[in-house]
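Here, residue 1 is the first one in the sequence, and each next residue gets the next number. Note that these values count all heavy atoms, side chains included, but never hydrogens, waters or copies made by symmetry. Only a predicted model underlies this, so the values are computations on that prediction, with no experimental measurement involved.
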Amino acid sequence: MDPIKVDFSKKDGGRKNDIVIPPERAALKIVLSVICTLVLAAVAYYLMLPAVNLKSYDFYIYLGIVAASYVVFNGLFANVLGKPEYMPYVKKRAVVPGIIIGALVAVVAVGFVVSSEFFRAESYSKIISVRTDGNFSEEIPEEDAESFSIIPKLDEDAAAQLASRALGNLQKEGYVSQFAVYPQYTQINYKDKPVRVAPLKYDNIIKWLTNMKNGLPGYVIIDMASESTEFKKTENGIKYSPSEHFNRLLKRHLRFEYPTYLFADATFEIDDEGTPYWICARLDKTIGLFGGTDVIGAVIVKADTGESEYYTIDQIRNDKELQWVDRIYDSDLLVEQYNYYGKYQNGFWNSVLGQKNVITTTMGYNYIVKDDDVWMYTGITSVTSDQSITGFALINQRTKETVYYSVTGGTEYSAQQAAEGRVKDLGYKATFPLLLNIGGEPTYFLSLKDPDYNIVQQYALINVAQYNNNKMGATGTDLNKCLASYVSALKSSGISVDIETDIIPDSTEPDKPAEEKLTASGTITDIRTAVMGGESYYFIKLDSNEAYFSIAASTDKSVVILNKGDSVTVTYSGEGKIINADSVKLG
């Protein structure tokens with residue numbers, strides 16, 4: 001029997017009309033398409049984890065994928081690629097999904113427009129409230145010899161390098177090369193000390209499978225003042241984190257508990273007892289449908305059990321039991337909000353054309369501790385200036401309290417250049433500066449690092465107002481002497497400063513005869529680090545000697561790359577349980 005031929009090219013007034021021919025068992029194929037779409041929707045939700053929230057772009061993308069998948073499954077079950085005559089049928093079945101996708105696109109487009117800065121500049125300028133009458137010399141605590149000794153000396157890169165070394169302690173627990181440090185180093189105020197805390201992660205999926213029962217064994221604490229690290233083992237292990245899989249993945253755990261919440265990236269913190277938590281800020285779009293991102297609360301998740309509790313932003317600000325929480329507002333979000341404030345005070349067009357009184361943050365930020373909270377600070381400059389600042393903004397990362405201090409001077413980048421210029425012959429690189437109050441004078445504090453080994457070698461103090469005055473700054477390998485030199489420079493310039501500096505006096509003992517140089521060769525069985533007087537020291541024990549050989553990184557940079565098991569030759573003089581070394585040679 002000859003196949004039935006159907007003419008699909010009938011024309012009416014030049015317009016093509018398709019004849020709709022349903023495939024065999026069309027009803028069954030519709031049911032199968034619906035079932036497959038639901039399965040795909042479940043899988044896509046499990047993987048994408050969109051918030052079921054009309055203020056989430058991801059939610060619209062998810063719905064669009066689900067609607068489009070129904071059309072695709074219809075086409076597959078109708079075998080439209082093999083039988084083109086069913087294409088009109090598939091097109092007809094795609095009308096409703098097409099309308100849904102079109103509606104989603106329309107909502108997103110309208111939402112984007114009504115949320116735009118062009119129409120809502122005034123609302124954006126008010127998203128953060130700024131107190132502008134801050135008095136720097138009165139409100140920022142003055143540094144003295146005691147407080148100066150505990151200021152943070154490490155930036156995030158140096159902290160990361162120290163954190164990785166702390167993993168050597170895991171070998172004592174029977175974990176060898178199972179974990180790495182998760183690249184998040186949250187700076188908090190812990191027991192009145194500035195520290196960064198870093199969780200661990202599984203090195204790969206195989207190591208996750210072999211260790212998932214007990215979870216991650218602990219976390220790393222990096223003391224920003226003493227430049228030391230400690231691995232802190234937890235009793236029950238950390239079983240919920242961004243490096244977990246399936247239902248223990250932190251993001252998935254949160255989504256199933258709070259399906260409608262918009263979340264910022266979770267940050268790792270510890271309370272005063274050292275218990276690890278994930279702080280998960282809840283976001284809202286406060287301007288139009290998609291604009292004006294702000295924090296309205298936070299879910300605090302216990303890292304070992306996954307127990308969680310939601311707190312409003314007012315509870316976090318006012319509940320003394322939550323005082324240990326240091327970071328609710330992400331630094332980049334705070335910078336974004338402050339830039340809205342500085343940009344749109346006089347409307348949208350002024351920000352583009354006249355730019356009268358338009359200010360912006362400088363390219364970077366750092367943290368100081370004030371009133372037992374961690375405050376982010378950043379310089380504020382005119383949009384037409386690139387070397388000078390009009391002042392500083394301090395923003396509380398727990399409460400979003402914001403204060404502007406009017407201080408003229410150089411930007412943080414200018415201070416970095418000034419500090420590096422003082423040690424140009426050594427080639428050290430300056431960290432992003434920390435803002436200090438020394439005798440009422442706004443002062444940049446910077447660490448100077450050896451770029452090859454990322455180790456802090458010296459310190460610098462640069463006066464904010466007179467950053468380009470070589471006499472208004474100081475550098476040194478010793479923190480106390482650096483402070484003393486800076487105070488002396490201030491006094492020499494007629495600035496009255498009442499600070500007692502703890503200077504270690506120079507030795508007045510007569511020179512001793514040179515000791516005989518000795519050598520010891522062997523395999524390294526133990527290596528430890530410590531910071532003394534601003535110097536990073538390494539203590540090396542060989543299998544051929546009972547003593548530890550002590551050597552500063554500035555004396556021999558090669559000690560930075562030494563590991564247990566390396567064969568070395570140490571040149572030293574003297575005797576005792578700890579012996580000063582002059583050099584360490586591999587091989």
Side-chain angles (χ1 to χ4, degrees), residues 55 57 108-140 264 281 283-296 313 317 328-366 368 375-397 399-415 432-433 435 442 464-465 467:
K55 296 182 178 182
Y57 282 116
V108 171
V110 173
F112 177 80
V113 171
V114 300
S115 307
S116 70
E117 299 166 36
F118 180 80
F119 293 105
R120 308 295 296 274
E122 182 179 359
S123 297
Y124 277 96
S125 71
K126 296 178 179 178
I127 196 171
I128 191 171
S129 178
V130 180
R131 179 165 69 85
T132 58
D133 60 349
N135 188 311
F136 181 86
S137 60
E138 293 181 0
E139 297 180 18
I140 305 301
L283 304 177
D284 191 22
K285 305 294 184 177
T286 62
I287 301 174
L289 193 60
F290 301 120
T293 304
D294 204 3
V295 177
I296 59 173
I313 196 64
R317 289 170 176 168
I328 296 295
Y329 291 87
D330 178 73
S331 300
D332 290 332
L333 176 62
L334 294 177
V335 167
E336 178 184 85
Q337 292 188 352
Y338 197 96
N339 283 337
Y340 286 144
Y341 162 81
K343 189 176 182 180
Y344 297 127
Q345 285 298 303
N346 295 305
F348 178 83
W349 288 114
N350 178 69
S351 70
V352 178
L353 301 176
Q355 295 186 328
K356 181 181 179 181
N357 297 325
V358 176
I359 56 176
T360 185
T361 57
T362 53
M363 300 299 290
Y365 48 77
N366 212 327
I368 64 173
W375 295 64
M376 185 206 81
Y377 89 85
T378 181
I380 305 300
T381 183
S382 167
V383 292
T384 59
S385 174
D386 58 354
Q387 289 294 322
S388 62
I389 59 169
T390 62
F392 293 100
L394 262 65
I395 311 177
N396 190 312
Q397 290 199 283
T399 67
K400 207 174 80 168
E401 178 186 352
T402 305
V403 185
Y404 171 77
Y405 298 93
S406 179
V407 177
T408 58
T411 63
E412 297 94 336
Y413 178 68
S414 298
F432 191 86
L435 180 64
V464 173
Y467 68 96

Would you confirm whether the ring centroid of F348 sits within less than 6.0 angstrom of the ring centroid of F118? yes
For the side chain of Q337 and the backbone of G292, is there at least one donor-acceptor N/O pair under 3.5 Å apart? no
Is there a side-chain contact between I140 and L394 in this structure, where contact means two heavy atoms from C-beta onward sitting under 4.5 Å apart? yes
Which residues pass the ring pair (Phe, Tyr, Trp, His ring centres under 6.0 Å) test with Y57, sequence neighbours left out? F290
Return yes if some donor-acceptor pair links the side-chain N/O of T378 with the main-chain N/O of G364 below 3.5 Å, else return no. yes
V464 and F392, any side-chain heavy atoms less than 4.5 Å apart: yes
Can you list every side chain to side chain donor-acceptor pair (under 3.5 Å) pair that touches residues 111-121, not counting sequence neighbours? E117-Y344
Contact between Y377 and P433 at the side-chain level, heavy atoms closer than 4.5 Å - yes or no? yes
Nearest heavy atoms of N396 and Y329, plus distance in Å: O-CD1, 4.5 Å
So, does N366 use its side chain to make a donor-acceptor pair with the main chain of L435 at under 3.5 Å? no
How many angstroms lie between atom CD of E401 and atom CD1 of I395, to the nearest 0.5 angstrom? 10.5 Å
If you define the side chain from C-beta out and look only at heavy atoms, does anything of I287 sit under 4.5 Å from Y124? yes
Take atom CD of E122 as the centre, draw a 6.0 Å sphere, and report whether it contains more than 12 heavy atoms from other residues, nucleotides or ligands. no
Evaluate side-chain contact (heavy atoms from CB on, under 4.5 Å) for T360 paired with K343, printing each intermediate quantity in order. CA-CA 7 Å; T360 185; K343 189 176 182 180; over 6 Å; no
Residues in salt bridge (Lys or Arg N to Asp or Glu O under 4.0 Å) with E336, at least two apart? none
Identify, with sequence neighbours excluded, every residue that meets side chain to side chain donor-acceptor pair (under 3.5 Å) alongside N346. none
Looking only at non-hydrogen atoms, find the nearest pair between I127 and T293 and report the distance. CD1-O, 3.7 Å
Can you list everything that forms a salt bridge (Lys or Arg N to Asp or Glu O under 4.0 Å) with R131? Sequence neighbours excluded, please. D133, E139
Do M376 and V335 touch side chain to side chain, with heavy atoms closer than 4.5 Å? yes
When you compare the side chain of E412 with that of F432, does any pair of heavy atoms fall below 4.5 Å? yes
Interatomic spacing from CG in D294 to CG in L334 - rounded to 0.5 Å: 9.0 Å
Are the side chain of D284 and the backbone of T286 linked by a donor-acceptor contact shorter than 3.5 Å? no
If you measure from OH on Y467 to OG on S388, what distance do you get to the nearest 0.5 Å? 6.5 Å
Any donor and acceptor pair, going by atom type alone, linking the side chain of K285 with main-chain N or O of K55 inside 3.5 Å? no
Side chain to side chain contact (heavy atoms under 4.5 Å, CB included) with Y341: which residues, sequence neighbours excluded? I128, V130, T132, Y338, Q345
Any donor-acceptor pair under 3.5 Å from T390 side chain to I380 backbone: yes
So, does S406 use its side chain to make a donor-acceptor pair with the main chain of G391 at under 3.5 Å? no
Evaluation steps, side-chain contact (heavy atoms from CB on, under 4.5 Å), between V295 and L333: CA-CA 9 Å; V295 177; L333 176 62; 4.0 Å; yes
